[in-house]
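Keep in mind it's a predicted model, so treat the numbers as computed, not measured. By convention in this document, chain letters (A, B, ...) are assigned in the order of the sequence lines, proteins followed by strands, and residues within each chain are numbered from 1.
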There are 2 protein chains.
Amino acid sequence: MSEDDLVAVSQLRSSAMRLARRLRHQRVEESLSPTEMGVLGTLARCGKATPGELARKEHVQPPSMTRIIAMLEEKGLVRREPHPEDRRQVVVSSTEEAEQILNESRRRRNAWLAELAEGLDEDEWERLKAAAPVLYKLAHL
Amino acid sequence: MSEDDLVAVSQLRSSAMRLARRLRHQRVEESLSPTEMGVLGTLARCGKATPGELARKEHVQPPSMTRIIAMLEEKGLVRREPHPEDRRQVVVSSTEEAEQILNESRRRRNAWLAELAEGLDEDEWERLKAAAPVLYKLAHL
DNA sequence: AATTTTCCTTAGCCTTGGTAATGACGTAGG
DNA sequence: CCTACGTCATTACCAAGGCTAAGGAAAATT
């Protein structure tokens, strides 16, 4: 790995962490913790999931996920149904209201980021736009 | 703002947040919280700072910063001296040991990210490398 | 059929951050 | 001057959110 590559990696690392920290401050729903938002996000992607699956995906221990789901259910953002085949398990799915909150949150953060990007000149923005799909792929590898 | 731009913004947002979350799991010093690492980072950049300044930069309330500094001082990562002109204030600076921890942490995260980047092909990596300085600029705007 | 495993949940603790109140020090108005 | 107010750090207490340990029910295994 070349010196240039190392510099790029380091820049990517610190940029991602700093951007994420600043984006986190933009969250629209003050009553929802980042982890709760994360759960809603994965539910939006996957449709439905059991508490155990959600705990693994969010890197949280099962008891914590139990409480997070209880919170979300109390707020009407999530539904719990018995598992059709395994009566130990539970199936969790998100409600319509949760989708709206997610969309609003994404909209707000996009707006904030777009405003920040005003500070870039034309050429810089082109380069960033060209790399955006790659960054997306990297983040999901 | 064009449709393409909106897509790029959205990709940047979700990629940054996801990468940051995964990077956070790579932290080397288990005994240091993310905020404590953040304080050490800003001290490394700024040299010295008062608790109030640190609290503002880390988006934390002053009492919390007081306690964080106390923790760091106990671990020998930070020094506290009286302010030369204003006897209400305190000047905080990081120690040599803190620098080492910071470097090691960065090294680990870079290594992790570099390994992840192995999953990209040559062209993708070139595009990302070209955009890395821009992303860095954006994150610090 | 009995034992083990898996899954969710409950109970209790710890860390971390926040607000309110305090005390020491600087600053401005009379 | 000196009194009143603002600012800075700190202390004391409280709430949120995560973890471990332990429990109870259902499935899997032997």
Side-chain angles (χ1 to χ4, degrees), chain A residues 17 20-22 24-27 29-43 46 48-75 77-94, chain B residues 20-22 24-43 46 48-75 77-94:
Chain A
M17 302 217 50
R21 194 167 36 167
R22 297 177 66 182
R24 216 185 330 275
H25 277 282
Q26 292 302 116
R27 60 196 172 112
E29 190 53 58
E30 291 302 330
S31 63
L32 253 52
S33 76
T35 315
E36 287 173 325
M37 287 294 293
V39 169
L40 292 185
T42 64
L43 280 180
C46 309
K48 31 188 68 183
T50 69
E53 288 168 355
L54 288 171
R56 279 189 292 277
K57 288 188 184 178
E58 296 299 315
H59 299 104
V60 142
Q61 294 304 309
S64 306
M65 188 49 68
T66 291
R67 229 194 13 188
I68 290 167
I69 292 170
M71 291 277 197
L72 290 174
E73 190 179 26
E74 207 169 277
K75 291 172 188 164
L77 301 176
V78 129
R79 264 187 299 273
R80 300 175 24 150
E81 314 160 43
H83 193 288
E85 297 150 10
D86 186 338
R87 281 189 294 170
R88 294 169 303 177
Q89 299 191 55
V90 175
V91 175
V92 182
S93 57
S94 63
Chain B
R21 194 165 39 167
R22 296 177 67 182
R24 202 164 311 121
H25 278 282
Q26 292 302 117
R27 59 196 172 111
V28 53
E29 191 52 60
E30 292 303 329
S31 64
L32 252 51
S33 77
T35 315
E36 287 174 325
M37 287 294 292
V39 170
L40 292 185
T42 65
L43 279 179
C46 308
K48 34 188 65 182
T50 68
E53 290 168 354
L54 288 172
R56 279 188 294 275
K57 288 188 184 176
E58 297 298 316
H59 299 103
V60 141
Q61 295 305 309
S64 306
M65 188 49 68
T66 292
R67 230 198 12 196
I68 290 166
I69 292 170
M71 291 278 197
L72 290 173
E73 190 179 27
E74 207 169 276
K75 291 172 188 162
L77 302 176
V78 129
R79 263 187 300 272
R80 301 176 22 154
E81 315 160 43
H83 193 285
E85 297 149 12
D86 188 337
R87 282 189 292 170
R88 292 170 305 177
Q89 300 190 55
V90 175
V91 175
V92 182
S93 57
S94 64

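Between the side chain of A:E58 and the backbone N or O of A:A55, no donor-acceptor pair lies under 3.5 Å. Listed for the B:E36 side chain is a donor-acceptor partner under 3.5 Å among the backbone atoms of B:S33.
In this structure, A:E81 places its CD atom where more than 12 heavy-atom neighbours from other residues, nucleotides or ligands lie under 6.0 Å away.
Here the side chains of A:K75 and A:L32 are in contact, with some heavy-atom distance below 4.5 Å. B:V60 has its side chain out of reach of B:L54: every pair of non-hydrogen atoms, C-beta onward, lies at least 4.5 Å apart.
Summarising the geometry, the separation between NE2 on B:H59 and P on C:dG18 is reported as 11 Å, rounded to the nearest angstrom. The distance from atom CD1 of A:I69 to atom P of D:dG18 is 12 Å, rounded to the nearest whole Å. The distance between atom CZ of A:R87 and atom P of D:dA25, rounded to the nearest whole Å, is 12 Å. Distance NE2 (B:H83) to P (D:dA9): 9 Å, rounded to an integer number of Å. Look at CG on A:L72: it is 15 Å from P on D:dA16, rounded to the nearest Å. Counting to the nearest Å, the P atom of C:dT15 and the CD atom of B:E36 are 11 Å from each other. Put simply, CE on B:M65 is 14 Å from C1' on D:dT10, counting in whole angstrom units. Atom CD in A:Q61 sits roughly 13 Å away from atom P in C:dC8 (whole-Å rounding).
Checking the phosphate oxygens (OP1, OP2) of C:dT16, no side-chain nitrogen or oxygen of B:T35 falls inside 4.0 Å. Contact check, A:S64 against D:dG17: no side-chain N or O comes under 4.0 Å of OP1 or OP2. Listed pair B:R88 / C:dT27 fails the phosphate criterion, with no side-chain N or O lying under 4.0 Å from OP1 or OP2. Checking the phosphate oxygens (OP1, OP2) of C:dT9, a side-chain nitrogen or oxygen of A:R80 falls inside 4.0 Å. Not one side-chain nitrogen or oxygen of B:S33 sits closer than 4.0 Å to the OP1 or OP2 atom of C:dT15.
If A:P62 and B:R56 are placed on DNA chain D by their nearest nucleotide, the residue sitting closer to the 5' end is B:R56.
Between the side chain of A:R67 and the base of D:dG18 there is at least one donor-acceptor pair of N/O atoms closer than 3.5 Å.
Using a 4.0 Å heavy-atom criterion, one finds that B:P63 contacts the bases of the nucleic acid, with or without backbone contacts as well. Note on B:E53: nothing from the nucleic acid sits closer than 4.0 angstrom, heavy atoms only.
When distances are taken from the side chain of B:I68 to each of C:dC8, D:dT10, C:dG17, the shortest belongs to C:dG17. You'll find that the side chain of A:V60 is closest to D:dC19, out of D:dA21, D:dC19, D:dA26. Side-chain atoms of B:D86 lie closest to C:dC25 of the nucleotides C:dC25, C:dC8, C:dA20.
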